[in-house]
Amino acid sequence: MTPDWILKPFDELSPFELYAILQLRNEVFVVEQQCVFQDADDRDQPSRHLMAWTGSKLVAYTRLVPPRLVYQYPSIGRVVTSPRHRREGYGRELMNRSITEVRRLYGVTPIQIGAQLYLKDFYASFGFRESGEIYLEDGIPHIEMIRNPAR
């Protein structure tokens with residue numbers, strides 16, 4: 001099934017959409033990864049939210065963070081695909097669309113991310129390169145990566 005892709009600022013999210021976003025993020029980042037952390041970090045409000053829906057189910061999501069909120073450059077964060085829809089190509093399409101939307105919103109600029117280390121090769125396939133040392137965030141190894149705007 002081809003998903004419907006929707007991009008919205010925080011204040012245009014419906015209560016249903018916001019609940020689905022929080023539910024998916026908690027399902028993966030808290031329950032599946034067994035990581036207790038503060039997901040509600042006050043970065044959702046200034047960000048844009050890219051959602052992929054099949055019917056009434058949220059299957060993939062990213063948070064597009066403006067420059068100077070987390071990093072000097074815009075960022076793509078909270079990258080998540082529903083466990084029930086993995087290996088269906090949503091993750092790759094999600095990243096491609098996220099990169100396109102960051103360019104549309106913020107121009108041709110580097111994109112900086114804090115990637116979970118085990119996904120380093122996935123992000124590298126989109127042109128992201130290591131730009132820092134490995135660090136622990138909420139007990140999970142991460143690495144900063146940056147994507148050159150020429151890619």
Side-chain angles (χ1 to χ4, degrees), residues 3-54 56-106 109-128 130-132 134-147:
D4 292 318
W5 292 90
I6 299 170
L7 178 70
K8 288 187 175 183
F10 181 82
D11 60 356
E12 291 180 15
L13 293 171
S14 72
F16 177 82
E17 290 168 326
L18 181 57
Y19 184 86
I21 290 167
L22 295 174
Q23 185 178 47
L24 180 58
R25 286 175 12 182
N26 279 289
E27 177 183 10
V28 173
F29 300 132
V30 177
V31 177
E32 181 181 294
Q33 295 182 355
Q34 299 178 357
C35 181
V36 177
F37 77 109
Q38 182 64 43
D39 183 42
D41 59 3
D42 287 322
R43 293 178 181 156
D44 287 312
Q45 297 92 323
S47 297
R48 301 290 175 111
H49 303 271
L50 181 61
M51 303 166 281
W53 295 89
T54 57
S56 63
K57 298 294 181 192
L58 181 63
V59 297
Y61 165 85
T62 56
R63 175 170 78 176
L64 308 182
V65 182
R68 293 172 296 286
L69 186 62
V70 176
Y71 301 109
Q72 174 184 356
Y73 302 112
S75 184
I76 300 169
R78 298 295 199 264
V79 179
V80 62
T81 301
S82 169
R84 290 168 295 289
H85 294 281
R86 291 186 184 145
R87 308 259 184 257
E88 295 177 19
Y90 293 126
R92 295 203 70 75
E93 187 172 359
L94 178 67
M95 282 305 297
N96 283 323
R97 287 178 179 267
S98 295
I99 291 165
T100 297
E101 290 298 339
V102 166
R103 279 190 163 176
R104 186 182 65 77
L105 291 166
Y106 305 111
T109 179
I111 301 170
Q112 194 167 2
I113 62 173
Q116 290 187 4
L117 186 60
Y118 83 97
L119 291 168
K120 180 178 72 166
D121 291 340
F122 173 74
Y123 293 115
S125 73
F126 296 96
F128 286 90
E130 296 176 37
S131 61
I134 296 171
Y135 62 96
L136 285 180
E137 183 175 311
D138 301 314
I140 297 173
H142 282 69
I143 189 159
E144 285 187 15
M145 300 182 82
I146 197 161
R147 185 179 189 276

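Just so it is clear, the model here is predicted, and its values are computed rather than measured. Quick note: numbers below take in every heavy atom, side chains included, and nothing from hydrogens, waters or symmetry partners. Counting from 1, the numbers follow the sequence of the chain as shown.
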task = Just jot down the side chain to side chain donor-acceptor pair (under 3.5 Å) partners of D42, sequence neighbours excluded, or say none.
result = Q45

inquiry  = With rounding to the nearest 0.5 angstrom, report the NE2 to CD1 distance, H142 to I134.
reply    = 12.0 Å

Heavy atoms of other groups near Y19 OH, more than 12 under 6.0 Å = no

key: Which atom of P67 lies closest to which atom of Q72, heavy atoms considered   = CB-O, 3.4 Å

query = Are any non-hydrogen side-chain atoms of Y90 and S82 less than 4.5 angstrom apart?
reply = no

remark   = Sequence neighbours excluded, the answer for side chain to side chain contact (heavy atoms under 4.5 Å, CB included) partners of K8 is I6, E12, L13, E17, M51

Inter-residue atom distance L58.CG - R25.CZ, 0.5 Å rounding = 10.5 Å

key: Shortest non-hydrogen contact from L64 toward L7   = CD1-CD1, 3.8 Å

query = How far does CE of M145 sit from CD1 of I76, to the nearest 0.5 angstrom?
reply = 12.0 Å

Y71 side chain to G114 backbone, donor-acceptor under 3.5 Å = yes

ask   = Which atom pair, heavy atoms only, marks the closest approach of P141 to L136?
value = N-CD2, 3.6 Å

key: Student check: side-chain heavy atoms of L94 and W5 closer than 4.5 Å   = yes

query = So, does H49 use its side chain to make a donor-acceptor pair with the main chain of L18 at under 3.5 Å?
reply = no

ask   = Measuring from T62:OG1 to I21:CD1, what's the distance to the nearest 0.5 Å?
value = 9.5 Å

Between side-chain atoms of residues 121-128 and protein atoms elsewhere (two or more places apart, or another chain), which donor-acceptor pairs fall under 3.5 Å?
from	atom 1	to	atom 2	distance (Å)
S125	OG	R92	NH1	3.2
S125	OG	R92	NH2	3.1
S125	OG	F122	O	2.5

message = Using side-chain heavy atoms (C-beta onward) and a distance below 4.5 Å, is P74 in contact with P66?
response = no

task = Output yes when a side-chain donor or acceptor of S75 lies under 3.5 Å from a complementary backbone atom of Q112, and no otherwise.
result = yes

query = Quick one: CD1 on I143 to CD on Q116, what's the gap to the nearest 0.5 Å?
reply = 13.0 Å

query = Does a salt bridge link R97 with E101, judged by any charged N lying under 4.0 Å from a carboxylate O?
reply = no

request  = Could you pull out the closest heavy-atom pair between F16 and S56, with the gap in Å?
outcome  = CZ-O, 3.6 Å

message = Quick check: do M95 and I113 have side-chain heavy atoms less than 4.5 Å from each other?
response = no

request  = Indicate yes or no: at least one non-hydrogen side-chain atom of D41 is less than 4.5 angstrom from one of R78.
outcome  = yes

query = Could you state the interatomic distance from CD1 (I111) to OG (S98), rounded to the nearest 0.5 Å?
reply = 8.5 Å

